[in-house]
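Inspection log for the structure reproduced underneath, given as structure tokens.
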Amino acid sequence: MTDTTASADTLLEWYDRHRRSLPWRAPPGKRTDPYRVWLSEIMLQQTTVQAVKGYFERFLLRFPDVETLAAAPVEAVMQAWAGLGYYSRARNLHACAQVVTSQHGGHFPADETALLALPGIGAYTAGAVGAIAFDLPAVAVDGNVERVLSRLVALEEPLPRAKSTIRKIALSLLPPKRSGDFAQALMDLGATICTPRKPACALCPWSPPCRSRREGTAETFPRKEAKKQGALRRGAAFVVLRGDDHVLLRDRPPRGLLGGMAEPPGTEWSAGFDPDAATAAAPLDASWRRLGGNVRHVFTHFPLELTVYRAEVPAGTPAPAGSRWQARALLGQEALPTVMRKVLAHADIEGI
DNA sequence: TAGACGTGGCT
DNA sequence: TAGCCAAGTCT
């Protein structure tokens, strides 16, 4: 029989045969400990399954339950998280464990709204924990689900605007039972069949009802709002090479763009920057040479064009306040962002 | 609400 | 290979 209407049953039948076995998943038919569901969902935010597996198991050995996690010093939590990225997740994880312990008697609330109120839990995670751990009638709309459902109906509305529409579609498909399996089935489908590129439509249980598959446009969904590229910003960077083969560096403020990263001194970056007046902002008096060409870099929200100045100073020249010398041979050990490595390469200091 | 926030893998 | 992407949240 061929279904021309997408149904949760069709998807769940597929899931029962093809579900992935993952460390945080209970065997078929069993419900998972909410602590494990929650921990895995936080770790999986913007992070691949492969990267999470090892962390999840090590974390669980060290912090087997929410009370143990809550009682641990935050430094221990950060250490266990080190390397996973997005470290505010780890701080919120710890804070959340403390709230669950002190305000919910050590049990995660079986209520989507109450889950949503906890630190580090947003709309997606509240739905995922609610459905998977408590079988609440909730949907978990992540990037996978956005892709699957926007393709299913060939949704022209672009993300992120389409989020509320997609959520409604998910709710309209939500089965009366097995909401947790439904959530995981949707994600498995997105991760293994309805992939961003080259979706395996021939293997998809929802191929018959899928409008974009029918129209041959599956891979073009979801539509996305054209990311408006910010206005060009320009600035100058000053590369100083000292006689004993040291380069002048400074550290960026801990917060914000490239927070805490190292860089050669430079000007502010702005739309109205005048390269010809740049040397007024040089970190020290020297015979500055403006290098030909410039360094271009595109950040998430704006393109940057840097004019590079270079100077040589004698060995023994002290570093100006707020900056320091680093041996050229040790630049590889510095926390230099790509754009700054481009600057150093442009000044023939370092290969990228 | 647009922007910040990390990292590793893939093309 | 530099850029894009991956189970988002917070401000």
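Here is how names work: the chains are called A, B, and so on, in the same order as the sequence lines, proteins then strands, and each is numbered from 1. Below, each value reflects all heavy atoms present in this structure, side chains not excepted, and no hydrogens, waters or symmetry copies.
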Heavy atoms only, 4.0 Å cut-off, all strands: where does [X] land among base, sugar-phosphate and nothing?
X: A:Ala123; answer: sugar-phosphate
X: A:Leu22; answer: base
X: A:Val145; answer: nothing
X: A:Trp24; answer: base
X: A:Leu84; answer: base

query: Taking N and O atoms by type only, does the side chain of A:Thr47 place a donor or acceptor under 3.5 Å from a partner on the base of B:dG6?
result: yes

message: Please confirm whether the shortest side-chain N or O distance from A:Tyr87 to OP1 or OP2 of B:dT7 is below 4.0 Å.
response: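 Yes, A:Tyr87 has a side-chain N/O under 4.0 Å of OP1/OP2 on B:dT7.
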
query: With respect to the phosphate group of C:dA6, does any side-chain polar atom (N or O) of A:Arg147 fall under 4.0 Å of OP1 or OP2?
result: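 So the side chain of A:Arg147 is within the cut-off, an N or O lying under 4.0 Å from OP1 or OP2 of C:dA6.
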
Atom-to-atom span, [atom1] of [X] to [atom2] of [N] - whole angstrom:
X: A:Leu116; N: C:dC10; atom1: CG; atom2: P; answer: 8 Å
X: A:Gln45; N: B:dT7; atom1: CD; atom2: P; answer: 16 Å
X: A:Glu41; N: C:dT9; atom1: CD; atom2: P; answer: 9 Å
X: A:Met78; N: B:dT7; atom1: CE; atom2: P; answer: 11 Å
X: A:Gln46; N: B:dG6; atom1: CD; atom2: P; answer: 12 Å
X: A:Ile121; N: C:dC10; atom1: CD1; atom2: P; answer: 9 Å
X: A:Tyr124; N: C:dT9; atom1: OH; atom2: C1'; answer: 13 Å
X: A:Met43; N: B:dC5; atom1: CE; atom2: C1'; answer: 17 Å

statement: When A:Arg89 and A:Gln50 are each assigned the nearest nucleotide of DNA chain B, the 5'-most assignment goes to A:Arg89

field: Residue whose closest nucleotide on DNA chain B lies nearer the 5' end, A:Pro160 versus A:Gly85
entry: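 Looking at the nearest nucleotide for each, A:Pro160 comes out on the 5' side.
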
- request: Look at atom CG of A:Asp65 and say whether more than 12 heavy atoms of other residues, nucleotides or ligands are closer to it than 6.0 Å.
  value: yes

task: Using a cut-off of 6.0 Å, state whether more than 12 heavy atoms not belonging to A:His107 lie near its atom NE2.
output: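 No, because the 6.0 Å sphere around NE2 of A:His107 holds 12 heavy atoms or fewer from other groups.
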
In whole Å, what separates the [atom1] atom of [N] from that of [M]?
N: C:dA7; M: B:dC5; atom1: P; answer: 23 Å
N: B:dG3; M: C:dC4; atom1: P; answer: 16 Å
N: B:dG6; M: C:dT11; atom1: P; answer: 13 Å

message: Checking contacts here: which listed nucleotide (C:dA7, C:dG8, C:dC10) is nearest the side-chain heavy atoms of A:Thr125?
response: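 The listed nucleotide nearest to A:Thr125's side chain is C:dG8.
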
- request: Go through the side-chain N and O atoms of A:Tyr124 and A:Glu41 and say whether any donor and acceptor fall under 3.5 Å apart.
  value: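 Indeed, the side chains of A:Tyr124 and A:Glu41 share at least one donor-acceptor pair under 3.5 Å.
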
field: Upstream residue (5' side of DNA chain C) when A:Arg20 and A:Leu118 are each assigned their closest nucleotide
entry: A:Arg20

field: Pi-cation contact, A:Tyr15 with A:Arg17 (under 6.0 Å, within 45°)
entry: no

field: Within 45° cone of A:Phe182 ring axis and under 6.0 Å: A:Arg178 NZ or CZ
entry: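 No, a cation-pi geometry is absent between A:Arg178 and A:Phe182.
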
task: Give me the ring orientation class for A:Trp38 and A:Phe108: parallel if the planes are under 30° apart, tilted from 30 to 60°, perpendicular past 60°.
output: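 Tilted: the ring planes of A:Trp38 and A:Phe108 meet at 30° to 60°.
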
